[in-house]
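Below, each value reflects all heavy atoms present in this structure, side chains not excepted, and no hydrogens, waters or symmetry copies. In each ligand, atom 1 is the first atom listed, and ligand 1 is the first ligand listed.
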Amino acid sequence: MAKTGKNILSISQLSIGYGSKTVANNINFDLGAGMLCGVVGVNGIGKSTLLRTLGGFQPKLSGDILLNGKPLEKYSSSSLSKELSVVLTEQPASKNLTVQELIALGRQPYTNWLGTLTKEDKQQIQASLDAFLLNELRHSKCHELSDGQLQRVLVARAMAQDTSLILLDEPTTHLDLYHKVQILKMLQELAHNKQKTILFTTHEIELAIQLCDRILILDGKDHPFGDPCQLIEQKHFDQLFPSEMVQFDGKTGSFKVNK
Ligand SMILES: Nc1ncnc2c1ncn2[C@@H]1O[C@H](COP(=O)(O)OP(=O)(O)OP(=O)(O)O)[C@@H](O)[C@H]1O
């Protein structure tokens, strides 16, 4: 089960955007160890912008991002790589690497300048191969993999990096329903069993409701955050899409198309 306690990620009064263009402001939420959190919202509302800001790829406009109690901008890139791993939608640059080699790259923050893998590094790589069912594929080249297999490899690399926070941008894109559920369940297990804090953007709202411990709804106004059941009770999903087309059914936690 997810644990509460000390916050791994603490966001207050955060504004995100590009130069003079504010994409979203007044974002507030906290995540403890062992929590799986989905970020949902309509196209263009700012999910990827938030993820890139939390990952340190672009500056915040204002507000506070605390990672393990320390402002994100105070981390050096080498110390940040031991606290935060990011899985983006882009394909890996080195698709000629084998699955095992790509996952081993997750150990880079811990290896010496020769890149020598210690016993602990090798154990972490093996644990990541096991957790994401990649043993049989360990010697396959990444360019030979299906989208679902590649996504598992990318998340396994983040697991090998062994950071307290893992951010993922749309990890279920291009996957069929079975493989969407598979990857989200693996993320849930990683969060709950290894006490990782995991935040991902998604359009799979119904799956996020079923599997996440917390959901952040980017709605262009208040950005509700909380336990999925609580957000349903407070009717926060009802306004997400224009009601003439799609309606949310709070009893089933699913969306229905108006015929
Ligand atoms: N590099 C950029 N410079 C300026 N504006 C940008 C840039 N990238 C994105 N935007 C704008 O920021 C807003 C939020 O985009 P973002 O990609 O974060 O939304 P999103 O919720 O992830 O969308 P989607 O669900 O379609 O992936 C959009 O209006 C987009 O046009």
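Salt bridge Lys196/Asp162: present, at least one basic N to carboxylate O contact under 4.0 Å.
For the pair Asp213 (side chain) and Leu36 (backbone), a donor-acceptor distance under 3.5 Å is present. Under the 3.5 Å distance criterion, the side-chain polar atoms of Asp219 are matched with a main-chain donor or acceptor of Asp222.
Around ligand 1 you find Tyr18, Lys21, Val23, Val42, Asn43, Gly44, Ile45, Gly46, Lys47, Ser48, Thr49, Arg52, Glu170, His203, each with a heavy-atom distance below 4.0 Å.
In terms of heavy atoms, Leu134 sits closest to Ala156 at CD1-CB, 3.8 Å.
A tilted orientation is assigned to the rings of Phe237 and Phe248, their planes being inclined by 30° to 60°.
Summarising the geometry, atom CD belonging to Gln151 is positioned 10.5 Å from atom CD belonging to Glu170; distances are rounded to the nearest 0.5 Å.
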